[in-house]
Amino acid sequence: MGNYKTYAVLVALSCGLALVLTPLIRRLALRANVLDHPGTRKIHHRPIPLLGGLAIALAMWLPITALWLYDNRVAAFLRAREGMVLQILLSGLAMLLLGVYDDLRGLNARKKLMAQLPVALVLVISGVGFESITIPSLGSVPLGWAGPVLTLLWLVGITNAINLVDGIDGLASGVAFFAATTIAVISIYNDNVVGAVIMTALAGACLGFLPYNFNPARIFLGDTGSLFLGMTLAVSSLLTSQKGTLAASLLIPVLVLGFPVIDTLLAMVRRAVRGKSMFSGDAGHIHHRLLARGLSHRQASLIIYAFCLLCGLVALVTVMENSMGMAFGFAALFVVLFAGLRALGYWKALSQLGKSPERLQFKFLYHVAELAKCKLALANDVQQIPQILQMVCQEYQKPGFKISWPANGHHAAAEHLWLQPEISTVKDLPVETHEFSDTGMRLDFYLHHRDDQDELHLEKRNLLSSLAEAANQRLAALLKSLPPS
């Protein structure tokens with residue numbers, strides 16, 4: 001019974017510390033101007049402080065450190081398995097530092113991947129990994145040489161998966177809470193004290209952070225938090241499931257982290273069939289589609305929380321080898337997945353995107369956007385920016401745009417419209433507005449009413465948004481080079 005009291009105290013301590021530390025980290029981020037500014041694919045409309053992951057990391061590891069120094073049975077287990085503790089601590093710390101650098105200076109996806117691979121490789125060499133996969137009616141099948149490869153993909157994949165789902169208020173921290181709680185319960189069931197200690201502390205830290213991160217968010221995890229949570233959960237889901245009949249099976253970690261796994265796989269398939277780089281962003285994630293259906297941030301997050309809870313329950317009954325529970329659990333998962341992906345338009349989209357004409361159309365859109373970005377980067381006069389945007393809108397068959405920005409105490413503006421025969425006025429057309437505080441630029445794209453009805457038009461809107469950001473960056477550089485009036 002003493003162990004359960006220790007776990008309860010850990011949850012309370014880590015939750016309380018997160019509640020205290022998060023406002024302090026928020027003030028630090030505000031003073032250091034480490035903010036996430038509104039952007040083209042971002043949903044928030046005001047600058048939000050970053051570095052929230054620091055609060056979670058400190059709230060998680062400070063109680064564990066205190067317990068380590070305490071003389072009781074649980075502390076003795078921690079000291080006896082210090083290698084496992086250090087693997088989770090150091091890999092998470094490496095991602096935390098990478099995330100801090102990214103939040104402060106900015107890194108592209110390729111550079112972050114190049115920094116993650118050595119950390120994952122060291123973990124694989126040190127013995128972290130999948131050893132077998134459980135197949136119904138066949139039992140546990142050794143993976144052999146494929147084990148280290150799958151482990152490397154798992155560690156890097158989950159680290160980035162948590163980063164990808166961090167798109168709306170409270171989502172990544174909430175998903176991490178459910179995953180950590182599930183791993184903690186599995187660890188307790190398997191009498192894995194180290195896993196139970198570490199995951200109860202992480203669950204408490206995420207729970208204490210959520211009041212500040214849930215919509216409307218007052219602080220974001222930033223890459224500091226999402227990368228730390230991703231690697232910590234990826235390593236822990238492997239190390240803490242090494243007892244029991246489903247020892248290093250691939251099934252349990254996949255169930256525990258079901259939502260980020262599914263969302264990332266969908267993103268990979270979506271980008272592959274469109275001929276798009278895996279490192280490029282888009283607005284096709286599950287949370288984006290839920291918002292597009294008219295749901296609020298809170299509603300979208302709660303729906304995803306419910307799915308994470310279902311995945312966690314199925315993982316638990318699988319570990320307990322409850323046949324009836326597994327049958328009902330996997331049936332429920334199948335029904336929810338099938339109905340959810342169909343309702344969000346994934347089945348229809350994926351069935352169409354594999355066809356050659358659609359793939360070529362998407363590739364054409366991307367090449368037009370890349371060409372425009374190159375032209376914007378080479379523009380040596382602010383008046384070239386509207387000309388480049390005009391070319392894109394004509395290629396994308398959009399009614400037009402209007403752009404304005406302050407210039408030498410005045411207000412410069414340009415507008416280009418080419419109304420098709422079926423359009424007599426732009427007054428009734430949907431408008432997508434992009435405003436930037438650093439330059440004062442406002443860019444309105446006039447769209448068609450059908451632009452939210454298929455994947456091709458949605459992708460055009462996404463690419464126009466990225467071009468708005470590229471135009472603003474070039475405008476900022478050109479305005480700085482102008483002599484003062």
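Basis for what follows: all heavy atoms, side chains included, without hydrogens, waters or symmetry-related copies. Bear in mind that the values here come from a model prediction, so they are computed numbers and not experimental data.
- With sequence neighbours excluded, the residues forming a side chain to side chain contact (heavy atoms under 4.5 Å, CB included) with N472 are F436, D438, T439, M441, listed by chain and number.
- Side-chain atoms of W154 and I158, non-hydrogen and from C-beta on, do get closer than 4.5 Å to each other.
- Nearest heavy atoms, V124 versus T151: CG2-CG2, 3.8 Å.
- Legend: residues meeting side chain to side chain donor-acceptor pair (under 3.5 Å) with Q384, ordered by chain and number and at least two apart, are N380.
- Ring centers of F178 and Y305: under 6.0 Å apart, within the cut-off.
- Side-chain contact annotation: S226 with N163, donor-acceptor N/O pair under 3.5 Å present.
- More than 12 heavy atoms of other residues, nucleotides or ligands lie within 6.0 Å of CZ in R293, so this atom counts as buried by the packing criterion.
- Atoms CD1 and CZ, on I403 and R442 in that order, are 12.0 Å from each other to the nearest 0.5 Å.
- Qualifying side chain to side chain contact (heavy atoms under 4.5 Å, CB included) partners for Q299, counting only residues two or more places apart in sequence or in other chains: L295, S296.
- Atom NE2 of H297 is separated from atom CG of L302 by 12.5 Å, given to the nearest 0.5 angstrom.
- Using cut-offs of 30° and 60° for the angle between ring planes, the F259 and F307 rings count as perpendicular.
- In this structure, T159 and L229 have side chains that are not in contact, with every pair of non-hydrogen atoms separated by 4.5 Å or more.
- Using a 4.5 Å heavy-atom threshold, the side chains of K402 and F445 count as separate.
- Atom CG of L341 sits about 6.5 Å away from atom CD1 of I286, to the nearest 0.5 Å.
- Note that CG of L54 is 5.5 Å distant from OG1 of T224, once rounded to the nearest 0.5 Å.
- Distance OG1/T22 to CG/L58: 9.5 Å, rounded to 0.5 Å.
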